Visitor: 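Dropping the structure in here first, questions after.
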Amino acid sequence: MVENLVIVESPAKAKTIEKFLGKEFQVKSSFGHIRDLNKKEFGVDIKNDFKPDYIISDDKKAVVKELKSLAKEAKTVWLASDEDREGEAIAWHLAEVLELEGEKVKRIVFHEITKNAILEAINKPRLINKSLVDAQQARRVLDRLVGFEVSPVLWKKVKPQLSAGRVQSVAVRLIVEKEREIINFKTTSTYRVVGIFQITDDQGNLSEIKAELSKRFDNKAEAGAFLSKCLDATYTVENIVTKPAKRSPAPPFTTSTLQQEASRKLGYSVSQTMSVAQRLYEAGKITYMRTDSVNLSSLALNTSHSKIVELYGEKYSKTRQYKTSSKGAQEAHEAIRPTYIDKETISGTKQEQRLYDLIWKRTVASQMSDALLEKTTITIGISTAEEKYIASGEVIKFDGFLKVYTESTDEDDEKKNGQNILPPVTEGSKLKCNEIVAAQRFTVRPSRYTEASLVKKLEEQGIGRPSTYAPIITTIQNRGYVVKGDKPGETRKFVTLTLKNGNIGEKTNTETFGQEKSKLFPTDIGMVVTDFLMKSFNPIMDYNFTARVEEQFDDIADGGLVWNKMIGGFYKPFHKLVEESLQVSEKANGERILGPDPESGKQVSVKIGRYGPLVQLGETTDGENGDKPKFASLQPGQSIETITLDEAISLFKLPREIGDYEGKKVSVSVGRFGPYIRHDNKFISLGKNDDLFAVDLNRAVELIEAKREKDRNAIIKVFEEDADLKILNGRWGPYISFKKKNYKIPKGTKAEELDYNGCLKLIESSQKTSTKAKRKK
DNA sequence: CAGTGAGCGAGCTTCCGCTTGACTT
């Protein structure tokens, strides 16, 4: 029998700690929370002072059973969950469920997983902090109240299965507002003037200075007038300013900054980053990956120092302690760093190695010296005009942390990271002007959020936690509020005026702009739901809502506020909003009237229907006279917000008949799975580059024949015994098709060699496992 | 798998934060 049972949250942590503690300690994991509010019911007894109804969820029953029996045998149970609100609550739930009382239970916390820290913690046990637990209960109950009262309003007013919540609804709001900002953005242009000057030094070497005019012109005429003024101008260096500057490294990674950098530098999605990090953590290669702390342990600081000295020398080392600045941080863990900083590389998959490399560099760089720079600004005067040219350069005098790592930014503008060295000049020296270019530049419209930049924004507002950033992004996409996608760039013309060799020339070029990859776009549903929530539940949609309730949670944690009193204060006005919103009879469908149809004069409108966004021709009230309105679904890429009358009207022209083939009609239309050709009751998807309104009979026949060819190759084997049973070749390789259901062929089994009985066996065994899986759910 | 869009009502959905597997149709 082991006398001491230590319970931590994660099994990987348990394994490490067990090694530090002697044989008389057994370390187990709770796998996070063991109890939660009842999911099938409302879970909160509103009439009874918001009493929570906690239950042990099915997937935790086995864990709890094991912990219970171990706890019974142990003399002392050490609850070592994290030192934040959620961790304290986990400890409390464990104490309750395992029926631990008095001397038998001890609460301990440690800030780093080292032998010393843990032994120290064991020597300084404390009691469970019930105020902190209450703050968690308040957080939990508030989220349940919001989610389970507002979501049903959406089912009634918009569409079933939708959801609303303190975090997700605000995340969607951010994306919707960004989209409207883009829709409403008015592009303007100015003329930016750049002069290219030449100077010859004493040795006769020629060098070039690129300088930008201090003024931008509003239009071509003004820019042209300026260039004319410069025809006979001379240029003089009027002023040279040299200033030292320094740049400091970014702090070590938190969950959110790791997600951002892995997205920018490695192109990982937020969830991808988290699962790769999880594998590194489980392999003992990095510290815990869900954290909001930038703190490094003293051990980490020491190994960083010696590693930096070893690799780059003493003057590259500068030990730094960072302070967390993000709102609502709870700092239960260290920053994300390599467990062993002296290991520059690791074994593992390519993905793991790249992420580890990023973490290693960021951690090490954070403990390195500042980079020292010299910034030079040269002002060039024009003899015939008042404006000045400004040339700026930057020289790195000492690279410091830049030797290892530079943080990326979201706005990858034209600026290069490299140095821009200016040639040596002296005040008063004359410059020869080689060329002046005045180019039309457009204002840049805002870009949509990436997964990672949304996480950044949420963190800045104190919304969501490290463990929830990735799930939030999945949720808002699963609910159909947001889609991740690309947008092709548009092209536009721009004018450049050039002054060279005493002549002013004009040229018109084209450029592409506004191209976006892997960005978050709101759907029509997302917009309609956001508008509805903004109108009916404004206080909850406020960007500061979370921050304000967090303040109250802090008061609860400090013992200054009783949790169910706080919830009561929130619930009364909130529930009134719920009731009021239900009293309004009309549904929220985002309807927009586009105008009359030029042919029939009937009204054309767009709105959300039962099956998604649609256009409608005619009004329902017309139905009295026998004419029912016509409907058509919007195509992917179209939205209620931006569709034009012309685009809407062309949707009614489907299905479009384009001719006959083999005596049967060929038509084009669009369905749930995108645009298709219909022929002889068969459906063939259109290719990505085919235009629905441009496809002709020739192209259609091509596609029909291609499809026939593919179908011929699809059948690998048929059986005399049963016509329903076939072996087919699909997207993922061979599979068995039987009575309209598909079955997998296990790896190592050759499809060609399978006989009738072999197939039946596979079908039987797969049916067994699938019913098992269903039962588990 | 490729129609649909009236209205009613059965029975369903839904939150956020802690954790890791079990899943690949």
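None of the values given here were measured: they were computed from a predicted structure. The chains referred to below are lettered A, B, ... by the order of the sequence lines, with proteins before strands, and numbering in each begins at 1.
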Visitor: Salt-bridged, A/Lys602 to A/Asp597, with N to O below 4.0 Å?
Guide: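 Salt bridge: no.
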Visitor: Examine B/dT19: is either OP1 or OP2 under 4.0 Å from a nitrogen or oxygen in the side chain of A/Ser30? Give yes or no.
Guide: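 Checking A/Ser30 against B/dT19: no side-chain N or O falls below 4.0 Å of OP1 or OP2.
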Visitor: Should A/Phe148 be counted as stacked on B/dC15, where stacking needs a ring-centre gap under 5.5 Å and an angle between planes under 30 degrees?
Guide: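 No, A/Phe148 does not stack on the base of B/dC15, since the centre distance and plane angle fail the 5.5 Å and 30° test.
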Visitor: Whether A/Arg35 contacts B/dC18 is assessed here as follows: a side-chain N or O lying under 4.0 Å from the phosphate OP1 or OP2. Is that the case?
Guide: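 No, no such contact exists.
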Visitor: Are A/Phe537 and A/Glu149 close enough that some pair of their side-chain heavy atoms sits under 4.5 Å apart?
Guide: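 No, every pair of side-chain atoms sits at 4.5 Å or beyond.
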Visitor: With a cut-off of less than 4.0 Å, is there a side-chain N or O of A/Gln136 near OP1 or OP2 of B/dG17?
Guide: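 No, outside the criterion.
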Visitor: Does A/Arg479 put a side-chain nitrogen or oxygen below 4.0 Å from OP1 or OP2 of B/dC15?
Guide: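 Yes, such a contact exists.
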Visitor: Could you tell me whether the phosphate oxygens of B/dT13, OP1 or OP2, come under 4.0 Å of any side-chain nitrogen or oxygen in A/Ser151?
Guide: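 No, because none of the side-chain N or O atoms of A/Ser151 sits under 4.0 Å from OP1 or OP2 of B/dT13.
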Visitor: When the nearest nucleotide of DNA chain B is assigned to A/Arg290 and to A/Pro160 on a heavy-atom basis, which residue is associated with the more 5' position?
Guide: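 Its nearest nucleotide being more 5', the pick is A/Pro160.
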Visitor: Answer yes or no: does a side-chain N or O of A/Ser467 lie under 4.0 Å from OP1 or OP2 of B/dC18?
Guide: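 Checking A/Ser467 against B/dC18: at least one side-chain N or O falls below 4.0 Å of OP1 or OP2.
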Visitor: If you check every side-chain atom of A/Glu282, which of B/dT20, B/dG17, B/dT14 has the closest atom?
Guide: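 Nearest nucleotide to the side chain: B/dT20.
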Visitor: Phosphate oxygens OP1/OP2 of B/dT19: is one of them under 4.0 Å from a side-chain N or O of A/Tyr281?
Guide: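 No, A/Tyr281 has no side-chain N/O under 4.0 Å of OP1/OP2 on B/dT19.
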Visitor: Closer than 4.0 Å, any side-chain N/O of A/Arg140 to the OP1 or OP2 of B/dC15?
Guide: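 No, no such contact exists.
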Visitor: Is the distance from OP1 or OP2 of B/dG17 to the nearest side-chain N or O of A/Arg139 less than 4.0 Å?
Guide: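 False: A/Arg139 side-chain N/O out of range (4.0 Å or more) of B/dG17 OP1/OP2.
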Visitor: Given B/dC15, B/dT4, B/dC18, identify the nucleotide with an atom nearest to the side chain of A/Thr475.
Guide: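 The listed nucleotide nearest to A/Thr475's side chain is B/dC15.
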Visitor: Quick one: is A/Gln616 getting a side-chain N or O under 4.0 Å of the B/dG5 phosphate, OP1 or OP2?
Guide: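 Checking A/Gln616 against B/dG5: no side-chain N or O falls below 4.0 Å of OP1 or OP2.
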Visitor: For a quick test of reading the model: is some side-chain N or O of A/Gln278 closer than 4.0 Å to OP1 or OP2 of B/dT20?
Guide: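 Yes, such a contact exists.
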Visitor: Considering only heavy atoms from C-beta outward, does the side chain of A/Val167 approach that of A/Thr475 to under 4.5 Å?
Guide: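 Of all side-chain heavy-atom pairs linking A/Thr475 with A/Val167, none is under 4.5 Å.
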Visitor: With a 4.5 Å cut-off on side-chain heavy atoms, are A/Leu162 and A/Tyr481 touching?
Guide: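 Result yes, sub-4.5 Å side-chain heavy-atom pair found.
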